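First the structure, in the form of structure tokens, and then the observations on it.
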Amino acid sequence: IASVSTFTGVLTAYFWVNDPMGLGDPVMLTIFSVGLALVIATIAGLLNGFFVSYIGIPSFMMTLAMMTIASGMAIWVSQGKPIFAVPDFIKSLGSVSSQFLGIPVIGIFSLAILAICDVVLSYTKFGRYVYMTGANREAAEMSGVNTRRIVMYALTICAVCAGITGVLYIGRLGSANPSAGTNILIDAIAAVVLGGTSLFGGEGGIKNTFLGLLIFGVL
């Protein structure tokens with residue numbers, strides 16, 4: 001989570017500064033930078049999911065490997081130095097000072113992401129399959145659920161969310177630092193576990209995670 005997040009943020013800033021397509025227009029360059037960085041984050045998630053689901057590498061080992069790869073790539077792309085140029089839109093979106101009706105825009109954005117995820121987990125077939133796969137993978141397979149695909153999709157979604165976090169993070173900091181964001185991993189796990197999500201699978205939800213975020217933030 002943390003390394004993919006940091007790598008995505010570094011890529012966004014790198015593309016913004018170097019403009020490899022020669023776009024010139026700030027709006028188009030912002031869309032290109034963020035879009036391409038998120039595509040690369042998605043590919044990282046797909047690779048995680050594919051090797052875990054279809055090759056059989058344990059998820060802990062595969063994500064540990066991806067952590068090392070993404071961290072190394074972030075350092076290589078940035079040459080180990082912070083990139084201080086960040087798209088203005090991202091900077092305004094990630095800044096706590098940017099508010100709407102007294103609420104930080106980044107908070108509204110985060111609530112929107114949580115709401116979308118809650119709808120997907122609570123009211124869609126995919127969401128039910130996620131819970132079934134987490135609770136009892138063998139039983140889910142016997143019920144006709146393609147658990148390999150569910151695990152791959154879950155890891156991909158995780159990487160996409162980490163990528164979005166990375167983009168917001170550089171907006172909040174005003175720069176992209178290849179060594180920043182290392183605390184994201186522990187913070188994310190702590191908030192989710194405080195919300196009652198079981199590390200053994202099958203239990204938890206976005207509403208509980210939201211409460212866990214509030215508890216973690218207050219603490």
Side-chain angles (χ1 to χ4, degrees), residues 1-13 37-38 40-42 44-49 51-52 57-78 80 82-83 86 90 93-96 104 106-107 109-114 116-118 121 130 134 151 153-219:
I1 293 172
S3 295
V4 171
S5 176
T6 300
F7 182 40
T8 307
V10 167
L11 282 177
T12 301
L38 289 178
I40 294 173
T42 304
L46 280 171
L47 287 173
N48 278 337
F51 280 100
V52 169
I57 298 176
S59 58
F60 178 81
M61 297 301 297
M62 186 60 218
T63 52
L64 187 67
M66 185 58 69
M67 179 184 75
T68 305
I69 293 169
S71 178
M73 290 297 293
I75 294 172
W76 180 70
V77 168
S78 65
I83 302 174
V86 176
I90 300 302
L93 184 63
S95 174
V96 180
I106 189 173
F109 186 85
S110 301
L111 287 173
I113 296 293
L114 286 169
I116 292 170
C117 292
D118 185 53
L121 273 179
V130 168
V151 171
Y153 287 167
L155 286 167
T156 304
I157 291 170
C158 181
V160 171
C161 290
I164 294 172
T165 301
V167 174
L168 294 173
Y169 201 65
I170 65 170
R172 188 168 186 177
L173 294 178
S175 64
N177 191 329
S179 62
T182 54
N183 62 316
I184 293 176
L185 176 61
I186 301 302
D187 290 354
I189 294 174
V192 171
V193 171
L194 278 172
T197 296
S198 172
L199 294 177
F200 299 99
E203 295 179 16
I206 299 300
K207 296 182 183 69
N208 293 342
T209 298
F210 178 66
L211 293 175
L213 284 167
L214 293 179
I215 295 169
F216 187 75
V218 171
L219 290 176

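Since this is a predicted model, take the numbers as computed values, not measurements. Below, all heavy atoms of this structure are taken into account, side chains as well, without hydrogens, waters or symmetry copies.
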Applying salt bridge (Lys or Arg N to Asp or Glu O under 4.0 Å), which residue pairs with at least one partner in residues 163-175 are found, sequence neighbours left out?
-> none

Indicate the atoms forming the closest heavy-atom contact of Ile1 with Ala162, along with that distance.
-> O-CB, 3.6 Å

Pairs involving residues 192-205, ordered by first then second residue, that meet side chain to side chain donor-acceptor pair (under 3.5 Å) (sequence neighbours left out) | none

Taking side-chain contact (heavy atoms from CB on, under 4.5 Å) as the test, write out the residues that go with Ile186, two or more places apart.
-> none

d(Met62 CE, Leu155 CG) to nearest 0.5 Å is 9.5 Å

Return each pair, listed once, that meets side chain to side chain donor-acceptor pair (under 3.5 Å) where at least one residue sits in residues 61-74; pairs must be two or more places apart or across chains.
-> none

Give the minimum heavy-atom separation between Ile83 and Ser78, together with the two atoms involved.
-> CD1-CB, 4.2 Å

Those residues that, when tested against Leu168, pass side-chain contact (heavy atoms from CB on, under 4.5 Å) (two or more places apart) | Leu93, Ile106, Phe109, Ile164

Shortest non-hydrogen contact from Ala13 to Ala176?
-> CB-CB, 3.6 Å

So side chain to side chain donor-acceptor pair (under 3.5 Å) across residues 153-168, not counting sequence neighbours, yields none

Check whether any side-chain heavy atom of Ile69 lies under 4.5 Å from a side-chain heavy atom of Leu47, and answer yes or no.
-> no

Please, which pairs that meet side chain to side chain donor-acceptor pair (under 3.5 Å) have at least one residue in residues 2-12, sequence neighbours excluded?
-> none

Name the one of Leu114, Ile116, Ile113 that satisfies side-chain contact (heavy atoms from CB on, under 4.5 Å) with Ile206?
-> Leu114

Go through the structure and list residues passing side-chain contact (heavy atoms from CB on, under 4.5 Å) with Ser175, not counting sequence neighbours.
-> Phe84, Leu173

Across all chains, not counting sequence neighbours, the side chain to side chain donor-acceptor pair (under 3.5 Å) partners of Asp118 are Ser122, Lys207

Set of residues satisfying side chain to side chain donor-acceptor pair (under 3.5 Å) with respect to Ser110, sequence neighbours excluded | none

Taking all non-hydrogen atoms of both residues into account, name the closest pair between Pro178 and Gly80 and its distance.
-> CG-C, 4.0 Å

Excluding sequence neighbours, so at least two apart, what forms side-chain contact (heavy atoms from CB on, under 4.5 Å) with Phe216?
-> Asp187, Ala190, Ala191, Leu194

Ala159 and Val4 have their tightest heavy-atom pair at O-CG1, 4.0 Å

Between CG of Leu46 and OG1 of Thr42, what distance do you get to the nearest 0.5 Å?
-> 7.0 Å

So CD1 of Ile75 and CZ of Phe7: to nearest 0.5 Å the spacing works out to 11.5 Å

